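Reminder, nothing fancy here: chain letters follow the sequence lines and each chain counts from 1. If you're wondering where the values come from, they're calculated on a predicted model, not measured in any experiment.
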There are 2 protein chains.
Amino acid sequence: MDLVTLYKCLGDPTRLRILNLLREGSLCVCQLQEALDESQVKMSKHLGYMKKRGLLVSERIANWNYYKINPVAHPMLKANMKALGSFAAKDDELASDLKRLREVKSQADCS
Amino acid sequence: MDLVTLYKCLGDPTRLRILNLLREGSLCVCQLQEALDESQVKMSKHLGYMKKRGLLVSERIANWNYYKINPVAHPMLKANMKALGSFAAKDDELASDLKRLREVKSQADCS
DNA sequence: GAGGAATATTCCTTTATCGGTATATTCTTT
DNA sequence: AAAGAATATACCGATAAAGGAATATTCCTC
């Protein structure tokens, strides 16, 4: 995966919000959808976009598709994800996304 | 300047090549143009794109317009520029861009 | 195998991006 | 003021992105 592709993936607000949540580990589409309060299509498309470019990997378990950051993705991704963490603390939207994710997770499991 | 905008700026091959050279400090359009062997319009447009978004600042001196990285740009930019440095050492194109820049600089001054 | 849930894909429209050609602007020099 | 150099802008065409609506796929359960 080349650097330009990596930055293109990062250069979209929805994808940044998704990646912010994926710092927490593997998540399925509906969890992301709920936490970000966005449409299913939008989620699926952005996840597909990043997977296609090697940023994410997915694993299907029953009806659910779990996405996570590709552990062998570009090293620059890890650095930016880490920086995103400290940025998220100061950013209202990213912070409340995380908060909502925790609520979503604490509710009934996807299964 | 927001994070998404920053990443959009980084998500283009020509702009990454420009930024790689601007790590060396302030450069005028014709120096960049020569070092990257690209058209004047292309250079000017990408520089304008980044300036408009707060990534670069410029200073006109006589006929020449010198661009440099905005010292007060997003902190994430600095981190990525630094990382770009180590990446450039391994990347053929970025490395030869730097080489050519040094040739350009060693030649007659712009003035 | 029929129905339902989770997800992906197709089609469409709108908007952004990129690069080129041609032209304009700005500044310097004569 | 005219010419030339360095740079910017306007306009155009091609391509990519982004999101919505509708539909398809996949897998589970009954």
Nearest to the side chain of [X], heavy atoms from C-beta on, is which of [options]?
X	options	result
A:N63	C:dA5, D:dT7, D:dA6	C:dA5
B:S44	C:dT7, D:dT9, C:dG19	D:dT9
B:C28	C:dT7, D:dT7, D:dC28	D:dT7
B:K42	C:dT7, C:dG20, D:dT7	C:dG20
A:H46	C:dA22, D:dA18, D:dG19	D:dG19
A:K45	C:dT7, D:dG20, D:dA8	D:dG20
B:Y49	C:dT17, C:dT28, C:dA8	C:dT17

- Message: Classify A:V41 by what it touches in the nucleic acid, base, sugar-phosphate, or nothing, heavy-atom distance under 4.0 Å.
- Response: base
Figure out the [atom1]/[atom2] separation between [X] and [N], and round it to whole Å.
X	N	atom1	atom2	result
A:M43	C:dT9	CE	P	16 Å
A:L47	D:dG19	CG	C1'	15 Å
B:L56	D:dA8	CG	P	11 Å
A:R60	D:dC28	CZ	P	8 Å
B:E38	C:dG20	CD	C1'	12 Å
A:D12	C:dA16	CG	P	13 Å
B:R15	C:dG19	CZ	C1'	12 Å
B:W64	D:dA8	CH2	P	14 Å

- Is there a side-chain polar atom (N or O) of B:S58 under 4.0 Å from OP1 or OP2 of D:dA8? no
- Task: Ignoring backbone atoms, test whether B:S39 places a side-chain nitrogen or oxygen under 4.0 Å from the OP1 or OP2 oxygen of C:dG20.
- Result: yes
- Option among A:K45, A:R100, A:R15, A:R17 that satisfies the salt bridge (charged side-chain N to carboxylate O under 4.0 Å, His left out) test with A:E38: A:R17
- Message: Both A:K8 and A:V29 contact DNA chain C. Which one's nearest nucleotide lies toward the 5' end?
- Response: A:V29
- Item | Residue met sooner reading DNA chain D from 5', once A:A62 and B:Y67 are mapped to nucleotides | B:Y67
- On a plain distance test, is the side chain of B:Q40 in donor-acceptor contact with the base of D:dA8 below 3.5 Å? yes
- Item | Donor-acceptor pair between A:N80 and B:N80 side chains, under 3.5 angstrom | yes
- Looking just at side-chain N and O atoms, do A:D12 and B:Y7 make a donor-acceptor pair shorter than 3.5 Å? no
- Query: Would you say B:L32 and B:L21 make side-chain contact, with heavy atoms under 4.5 Å?
  - Reply: yes
- Task: Would you check if the distance from the ring center of A:H74 to the ring center of B:F87 is below 6.0 Å?
- Result: yes
- Answer yes when A:K68 and A:E59 have at least one side-chain N-carboxylate O distance shorter than 4.0 Å, and no when they do not. no
